[in-house]
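Start at 1 and go down the list; that is how both ligands and their atoms are numbered.
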Amino acid sequence: MSYSLSATKLKTYGQCPKSYQFRYEHKLPSPTIFGSTKLGNALHAALANVYKDWNYAYPLPSLDWFAVCWQQHTSELTPTQVHEGWVALQLYYERYISSLPQIRKPLGIETKVRANLQVRNIEFTLSGRYDRLDYIDDGLELIDYKTSKSVNPPPSVDIQLGFYYLILEQIYKKALKRLSLIYLRSNEKLTYEVTPDHHQQAQSLIEDMAMKLRCDQEWKPVTGQHCDRCGYQKYCPAKNTRPEPLPQEAKEVTQVQLALGL
Ligand code: SF4
């Protein structure tokens, strides 16, 4: 059976292998705090409709088309959220649509992607999901819609870039050139260009992880500012001289199955 890996898992591993072990090997739930996701989900769904259902025989949708798509996803929102979402979509329309001569059909919208990678005789399945994928000058651009009010560049974005490079190259036979984060509620956009270092870094992390999985090596803690948000501090040997024992529900770490050589 292959070992499943996501960008989030790889980012956790890149930050601290010990917290990865707590979360994904021992399968201890991690307390995380999220705000309401209803507005975010509705905005994602409306933009998916905008691009999926548009008749590309016509050059450009009007703002009315955005309103039609938005109205399909507002039933569970409060009046304030409906207003905030519509303001965000109008800003998006003005910045990214209204000045175009023609809207281009994306290569993919809200798509799950998966690729296989064999490293040190371990079969990895890399899985991800993207909001939108566009063709640009002989390459690909990933679009990720963000619905937080503030613009916070995500930590470990380099690992995310490398991870998606590895998946998309296998599926589309094209190189990922850049990732753009579009902050819908503040009308900001952050763009990251992909360099050879990014996929090299992701590949190296996966190799490093493969070694630990194969040889049952120690998953060393790496301390830093990220420890402030870590839900496993009480079990962590780097944070306590006498860490608490793991709770009973902690799973035993199972040995991975090696792929057979040809
Ligand atoms: S407290 Fe810090 S070092 Fe310990 S597991 Fe969490 S992130 Fe890693």
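Atom 4 (Fe) of ligand 1 lies at 2.8 Å or more from every N, O or S atom belonging to Cys230. Put simply, Cys16 gets within reach of atom 8 (Fe) of ligand 1, with an N, O or S atom under 2.8 Å from it.
The contact set between ligand 1 and Gln233, taken as ligand atoms under 4.0 Å from a residue heavy atom, comprises 1 (S). Close contacts of ligand 1 with Lys239, meaning ligand atoms under 4.0 Å from a residue heavy atom, involve 1 (S).
A donor-acceptor contact shorter than 3.5 Å is absent between the side chain of Glu123 and the backbone of Asn116.
Seen from the ring of Tyr96, Lys189 does not count as a face-on cation partner, given the 6.0 Å and 45° thresholds. Figure legend: Lys9 and Tyr13 shown without cation-pi pairing, the cationic atom not lying both under 6.0 angstrom from the six-membered ring centre and within 45 degrees of its axis.
Here the heavy atom of the protein found nearest to atom 2 (Fe) of ligand 1 is Cys227 SG, 2.3 Å. Of all protein heavy atoms, the one lying nearest to atom 3 (S) of ligand 1 is Val222 O, 3.5 Å. If you check which protein heavy atom lies closest to atom 7 (S) of ligand 1, you get His226 CD2, 3.5 Å.
For Glu141 and Lys177, the salt-bridge test fails: no basic side-chain N is under 4.0 Å from an acidic carboxylate O.
Using a 30° and 60° split on the angle between ring planes, Tyr130 and Tyr172 fall in the tilted class, from 30° to 60°.
Neither the backbone nor the side chain of Gln15 has a heavy atom within less than 4.0 Å of ligand 1.
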